[in-house]
Amino acid sequence: MAQDVIDQTAWRPQTRLVRGGTNRSSFEETSEALFMTSGYVYGSAEEAEAAFKGENNHFVYSRFANPTVQMFESRLALLEAAALCKATATGMAAVFGALACHLRSGDRLVASRALFGSCLHVCTEILPGFGITTELVDGRDLNAWRRALSQPTAAVFLETPSNPMLEIVDLEAVAAMAHDAGARVVVDNVFASPILQKPLALGADVVVYSATKHIDGQGRALGGAVLTNDAEWVETKLVPFLRHTGPALSPFNAWLLLKGLETLDLRMERHCRNARTLAERLGQRNDLDRVLYPALASHPQHELAMRQMREGGSIVTLELAGGRDAAFKFLNALTLIDISNNLGDAKSLATHPATTTHQRLTLEQRAELGISDGTVRLSIGLEDVDDLTDDIEHALSVAG
Ligand SMILES: *Cc1c(COP(=O)(O)O)cnc(C)c1O
């Protein structure tokens, strides 16, 4: 039976991930086809005219739409239970597109201060250059949100859990306050992934992803996506912005990401199981100042995290007592886990935020976020957890 005549929303999540959005070509391939084409041909001048008027479903140009990209968008939308998905070349293109298509000169943006570095730069440097005012708040503090949202606000942007300190923002409470202020709520859901947290169901208006992380999950391709249920916003704001400014996802990357989705649920299960086991084991040591993991009762916002997330995710953040010296010794002593700033990969990766991903922040900003010289972020992969434990325990013994 042709899959496009089945109601795919009746499928359970794992089936959506494996089969959702599949659109077979006339060759009846089992694996989704990679349409590496920039343009499309028309049978007649009349057909071309109708395509440009939007009167048929003919593809026009791959900056606007491409069959492989469309399969990825349909599959991700099904997983997210969102009506619409637009894919982008990177996660940052998704973040910037979702904010820039909506905000106008004179508008106000309120954002949580614990944001991915480039997101922070967009909010505090790039958007203000276009006449947008950005106010940053401590995302954990509902009173801070209430104060910031006591004036009319066009958009709210937040990340939960945050990078690298795994701060949690109460999605339901902030969305309600934001809506009272007239704001559209945009959530960066990269750390949780669409498997562990569904911001749209908790009141968010728009969800953005860096598909580069867990969705690809194998460190191969950059990509991003914007998802929402607001068809009018997509038609009048998002699509014209993306179509005419051009951050289109490459069909090849879309194909990798589409295949990545097939195993996303299985991989997230293992990421979470490994990360939780490691966090529990490391939490029992007395040579670490802190082990942060949302699914552990020791996380300061554990209850809130478990109310809105299904599991703790792939990231464990450690605080080494000996500062930068100990952190560098630890990283350099790892023999299995690689030093890398990427995350959500099948391979476990370790990074020192203060000197890499968060190097551009001032000392005060890092202190506000709780990032110290002893902070190490671990992205826990799919290896055997006992090998990961051996590697980390050995490196900790070297770091002293
Ligand atoms: C990686 C990342 C981004 C940016 O995504 P790219 O694909 O690198 O452009 C945005 N937000 C978060 C939380 C990320 O981890």
Side-chain angles (χ1 to χ4, degrees), residues 69 72 76 85-100 111-127 136 139 156-169 171 186-197 199 204 206-227 242 245-250 252-254 256-257 260-261 264 268 271 275 292 294 305 309 312-317 340-345 349-351 353 356-361 369 371 377-381:
V69 174
F72 167 63
L76 184 56
C85 173
K86 291 305 293 176
T88 54
T90 64
M92 285 320 303
V95 169
F96 185 66
L99 294 174
S112 57
R113 68 188 182 193
L115 292 177
F116 181 75
S118 292
C119 297
L120 191 66
H121 187 84
V122 165
C123 291
T124 59
E125 302 291 333
I126 294 180
L127 292 173
L136 297 178
V156 159
F157 180 64
L158 62 92
E159 181 186 321
T160 181
S162 71
N163 175 31
M165 301 313 286
L166 306 171
E167 289 183 10
I168 311 292
V169 180
L171 285 169
V186 181
V187 175
D188 180 337
N189 203 34
V190 170
F191 267 47
S193 89
I195 300 294
L196 305 182
Q197 179 170 267
V206 179
V207 175
V208 290
Y209 286 108
S210 165
T212 314
K213 311 294 166 54
H214 303 96
I215 293 176
D216 173 35
Q218 288 149 85
R220 306 166 298 186
L222 295 170
V226 182
L227 295 111
L242 296 178
T245 63
L249 178 62
S250 140
F252 181 64
N253 285 9
L256 290 171
L257 299 171
L261 283 175
L264 180 62
M268 285 313 293
H271 276 299
L292 277 171
M309 289 170 73
S314 61
I315 308 294
V316 178
T317 300
S340 171
N341 50 288
N342 200 9
L343 62 96
D345 195 306
L349 307 171
T351 192
T356 60
T357 54
H358 292 70
Q359 187 198 137
R360 285 159 176 270
L361 299 190
L369 295 178
I371 301 169
R377 186 193 75 192
L378 299 172
S379 171
I380 303 302

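For ligands, and for the atoms within them, numbers begin at 1 and follow the listed sequence.
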Review point. With only distance considered, is Val190 within less than 3.5 Å of ligand 1 through an N or O on each side?
Key: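 There is no such contact.
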Nearest-contact summary for [atom] - protein heavy atom, Å:
atom: atom 8 (O) of ligand 1; value: Ser210 OG, 4.1 Å
atom: atom 1 (C) of ligand 1; value: Lys213 NZ, 1.4 Å
atom: atom 4 (C) of ligand 1; value: Phe116 CE2, 3.5 Å

[X] side-chain N/O to [Y] backbone N/O, donor-acceptor pair under 3.5 Å:
X: His271; Y: Gly313; value: no
X: His214; Y: Val190; value: yes
X: Asp216; Y: Gly219; value: yes

Of all the atoms in ligand 1, which lie at a distance below 4.0 Å from a heavy atom belonging to [X]?
X: Met92; answer: 4 (C), 5 (O), 6 (P), 9 (O)
X: Gly91; answer: 5 (O), 6 (P), 7 (O), 9 (O)
X: Glu159; answer: 13 (C)
X: Thr90; answer: 7 (O), 9 (O)

Exercise for review: Tell me, please: is Asp188 in heavy-atom contact with ligand 1, that is, under 4.0 Å?
Suggested key: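 Yes, that is the case, since the closest heavy atom of the residue is under 4.0 Å from the ligand.
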Review point. Does any donor atom in the side chain of Ser379 or Ser314 lie under 3.5 Å from an acceptor atom in the other side chain?
Key: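 The criterion, which ignores hydrogens and geometry beyond distance, is not satisfied for Ser314 and Ser379.
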Point to revise | Cation-pi, Phe116 ring and Lys213 (6.0 angstrom, 45 degrees) | key: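 Yes, Lys213 and Phe116 form such a contact.
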Practice item. Over all heavy atoms of both residues, which pair between Leu257 and Ile215 is shortest? Give the atoms and the distance, please. Key: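 Looking at all heavy atoms of both residues, the shortest contact is O-CG2, 4.1 Å.
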**Study point:** Nearest heavy-atom neighbours spanning Arg377 and Thr317
**Key:**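 Smallest interatomic distance, heavy atoms only, reads CG-OG1, 4.0 Å.
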